2 protein chains.
Amino acid sequence: MVVNNMIKDNVISRLMQLGLSEYEARAYISLLKESPASAYEIAKNSGIPTSKIYEVIKKLQSRKMVQSIHGDRSRIFIPQSPDEFASTIRLAMEDSLGAIKEELKEFKTDIETDYTWSIRDYDGLILKAKRIIDTAESTILLSIWPQEMELLLNMLTTAEARGVKVIVVHYGATNIKIGRIFKHPVEDTIYAQGDIRGFAITVDSKEALICNISRKKIEAIWSMNSGFVIMVEEYIRHDIYLVKVITRFAPLLKEKFGDRYEGLRDI
Amino acid sequence: MVVNNMIKDNVISRLMQLGLSEYEARAYISLLKESPASAYEIAKNSGIPTSKIYEVIKKLQSRKMVQSIHGDRSRIFIPQSPDEFASTIRLAMEDSLGAIKEELKEFKTDIETDYTWSIRDYDGLILKAKRIIDTAESTILLSIWPQEMELLLNMLTTAEARGVKVIVVHYGATNIKIGRIFKHPVEDTIYAQGDIRGFAITVDSKEALICNISRKKIEAIWSMNSGFVIMVEEYIRHDIYLVKVITRFAPLLKEKFGDRYEGLRDI
DNA sequence: ATTTGTTAACCACTATGGTAGTTAATAATA
DNA sequence: TATTATTAACTACCATAGTGGTTAACAAAT
C-alpha cells in the first residue's frame, strides 16, 4: 500500500485497515465530531468534495455506520457510536475467524513442524513474536534487549497474568518487573562493542524464534522443528547460566580473562 | 456485495471477508491441501490461470501467508498454518480496534442516547441483537420466538456463562434451557393467528431493541433513550406476568373470556 | 514433443478519488 | 423588483488501480 505524500490521520488509516475507504473514514469521523449533520455539512468539515458525499454516506449507511433521520428541510445524519462500531466489527471478525479455523481444521497437517520460516523485516519479527507470546500456554523463555522488550512488554504481562511462566534474560539494566528476569551485564561482555543484538524466544518447548538485529538488516528464523526448538532453549538456558556465573564470579573472572572476558565466548 | 452466480466455497468467501482476493484465497487453500508445491502445481490444482499464479503468490508472501523454499528444479512454497494465520489476524485486528477505540474516545459523546435507530433487514436485526447480547453486563430481558431463538442461543449461552442474568419469554413450546425461561402458550392466545411475530430485548436497563417480523417486511427500532428502554422493559415484564397468569388460571380464564382470551389484549 | 515453469501484455469490470457542472432555494444588493 | 451571490443537494464524467480472465511467448525438463 503506497502512502500518499500526505501523512494520513492515524484514526483514518486505522479505519481504512478495517475496510473503509478514506472518504468513508473521514465522513464517519466528521460525524462523530459533529452530529447530527446534513450531507453538505459533513462534506464541508471533512474536506470531502460535496459531490462525493452522497455516495459515501450511502455506503456508510449500508454498513450500518450512519443512520439518516428527517431534519427540517432535508435529511440529516447521525453516526453509530464508536463502541457500537468496534463491537460489531469484532463480533463479525470473531465469527469469521472461528468459522475459518473450524473449516480449515481438516487441512491442519503438521506442515509447520518440518520447515523453518525466515523473516526479514522488523515489523514481521515483532508481529511473529507477539503472536507466539499470545498463544503461549505454559512457559516463555526469552533472551532480549531493551528495544524489543519495550515493544513486547504488554504482551508478556498479559501472558503472565494468564498463568504463563515467563523467564527472561534481559541485556542491560532495567527496572522492569516480569517473571524471572536475569539482567545480563552487557557492558562487561564482548557483546557491548558490536552494533548487533540478538533476540530469542521459545514457548512451551514447541516453537522458537531467533534473530540477529543490526542496523543494516535482520534475519530471523522461526520453526517448530523440535531440534531447532531444543537448540534455542539450550541457548537461552546457557545465557542464564552465563549471567549467573558473571554476576557471581565477576571479580575472579576479570582477573583471569581480562576486562572483557573474551574467553567466555567458548563456555 | 454482489454474489456471483457461482456459489463460492464457504472457506474462500470467509477468507475474502478477511481481505484476501479470491485467487489469493484459492491459492492458499490449495497450498494447505498439498504442500510444498511449486507455483505451477498450485495453479493447476486451484484452478487459477498459471499466468496469474506468480503475482498471487507474491501477494501471499508479502502477507506472510506463504514462504518459498528452494526446491530441486524451482522454487516451491509452503503455507503458514491456519492457526498461525488466524492468530496473527486476530492480533492485528485487536490491535487496530483497541487503538481506534482509544483514539475515538474523545468523540464519544452521548450521541446514542438521544436517537432511535431503525433497522429494516433481518440480518441487520440479528447482528444488532448479537452485539447487544455480547456486550451485556448484568441482565438480559428477552421476548422471542423460536426462529430468532435458534440464531441467538449461542450468544445467550455464552452471556449466561459470563454471569449475565438471562430472562426469557419464549413464544411456543421448547426444551431449551437458559436462564429463567417463561414459555408463552401461543396456541392459546390471539398471537397464534397472525403471521407476524414480535421480538424485544433489553440489557442492563441501558439499551433496547424491538421488532415486528412479518414475511413482507420488518421494522426494528433500537435506542438507548431511557424512556424507550423503560417502556420495552415494562413490555417484557408485562409479558412475563401474562404468561404467569395464563398458565396459572387457564381454565378459569377460558371460561370467562372464551377460547382465545381476546379480552387479555387489554390487560 | 509434451509437460513444466515463468514472464509479459492485454481486456473488462469495479471501486475509488477527483473535477465539473446542474438545479433549486435563499440571501444580499442594486 | 430584478439580479447577483451563496448555499445546498445532487448528477455526470474522468483517471487510476486492483482484480479476474485470456493469449502469447519462451525456457527448461522429461
Side-chain angles (χ1 to χ4, degrees), chain A residues 1-9 12-13 15-31 34 36-63 65-66 68-77, chain B residues 1-9 12-13 15-31 34-63 65-66 68-78:
Chain A
M1 199 185 297
V2 180
V3 179
N4 322 17
N5 329 338
M6 238 188 67
I7 297 137
K8 249 163 227 162
D9 192 334
I12 288 177
S13 56
L15 288 171
M16 288 174 73
Q17 279 181 336
L18 297 180
L20 302 197
S21 78
E22 190 186 337
Y23 280 179
E24 282 163 11
R26 268 158 62 184
Y28 179 63
I29 295 218
S30 157
L31 251 189
E34 192 176 326
S38 70
Y40 191 79
E41 288 169 320
I42 297 173
K44 265 199 319 181
N45 56 38
S46 67
I48 299 170
T50 61
S51 51
K52 281 278 139 171
I53 200 64
Y54 298 95
E55 45 179 313
V56 169
I57 289 178
K58 239 179 234 159
K59 272 252 166 132
L60 285 175
Q61 279 182 299
S62 75
R63 285 188 215 267
M65 289 180 65
V66 311
S68 81
I69 56 182
H70 305 294
D72 290 341
R73 50 178 122 268
S74 65
R75 272 179 302 167
I76 55 179
F77 302 89
Chain B
M1 201 182 297
V2 180
V3 179
N4 323 15
N5 329 336
M6 237 189 66
I7 297 138
K8 250 162 225 159
D9 193 333
I12 289 177
S13 56
L15 287 171
M16 288 174 73
Q17 279 180 336
L18 297 180
L20 302 197
S21 75
E22 191 187 334
Y23 280 177
E24 282 161 13
R26 268 158 62 184
Y28 178 62
I29 297 225
S30 157
L31 251 189
E34 191 177 328
S35 81
S38 70
Y40 190 79
E41 288 170 321
I42 297 173
K44 265 200 320 181
N45 56 37
S46 67
I48 299 170
T50 61
S51 52
K52 283 277 154 164
I53 200 64
Y54 297 94
E55 44 180 315
V56 170
I57 289 178
K58 239 180 232 160
K59 272 248 167 137
L60 285 176
Q61 278 182 298
S62 74
R63 285 188 216 266
M65 288 179 65
V66 311
S68 82
I69 55 183
H70 305 294
D72 290 342
R73 54 185 122 271
S74 65
R75 270 178 302 167
I76 55 178
F77 302 89
I78 52 171

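The structure displayed is predicted, hence computed values, not measured ones. Protein chains get the first letters and strands the later ones, always in sequence-line order, with residue 1 at the start of each.
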Calculate the interatomic distance between A:L20 atom CG and C:dT16 atom P; express it in whole Å. 10 Å
To the nearest 0.5 Å, what is the distance between CD1 (B:I53) and NZ (B:K44)? 12.5 Å
Kindly compute the distance separating CD (A:E24) from CD (A:E55), expressed to the nearest 0.5 Å. 9.5 Å
Spacing of B:T50 atom OG1 and B:Y40 atom OH [to the nearest 0.5 Å]: 6.0 Å
Think B:K44 has a side-chain N or O under 4.0 angstrom from the OP1 or OP2 of C:dG5? no
Could you go through nucleotides 21-28 of chain D and list every protein N or O atom that sits under 3.5 Å from one of its N or O atoms, giving the distance for each pair?
| residue | atom | partner | partner atom | Å |
| --- | --- | --- | --- | --- |
| D:dG21 | OP2 | B:Y23 | OH | 2.7 |
| D:dG21 | N7 | B:K52 | NZ | 3.3 |
| D:dG21 | O6 | B:K52 | NZ | 2.6 |
| D:dT22 | O4 | B:S51 | OG | 3.4 |
| D:dT23 | O4 | B:S51 | OG | 3.0 |

Output the rounded distance in Å from CD1 (B:I48) to P (C:dT4). 17 Å
Do any side-chain nitrogens or oxygens of B:Y54 fall under 4.0 Å of OP1 or OP2 in C:dT6? yes
Please state how far atom CD1 in A:I57 lies from atom P in D:dA8, giving the value in whole angstrom units. 14 Å
Rounded to whole Å, how long is the line connecting atom CG of B:L60 with atom C1' of D:dT19? 14 Å
From B:S13 atom OG to B:L18 atom CG, the distance as rounded to the nearest 0.5 Å: 10.0 Å
Say you draw a straight line from CD1 of A:I29 to CD1 of A:I42; how long is it, rounded to the nearest 0.5 Å? 13.0 Å
State, with a plain yes or no, whether a side-chain heavy atom of A:Y23 is found less than 4.5 Å away from one of A:P49. yes
Nearest-Å distance for atom pair CD/C1', residues A:E24 and C:dA15: 10 Å
Should the heavy atoms of other residues, nucleotides or ligands under 6.0 Å from CD of B:Q61 be counted, would the total exceed 12? yes
d(OH, A:Y40; C1', D:dA8) in whole Å: 6 Å
CD1 of B:I53 versus P of D:dG20: gap in Å, rounded? 11 Å
Provide, to the nearest angstrom, the distance between the CE atom belonging to A:M16 and the C1' atom belonging to D:dA17. 13 Å
For B:S38 and C:dT4, is the shortest distance between a side-chain N/O and OP1 or OP2 below 4.0 Å? no
To the side chain of B:K59, which of C:dT16, C:dT6, D:dT19 is closest? D:dT19
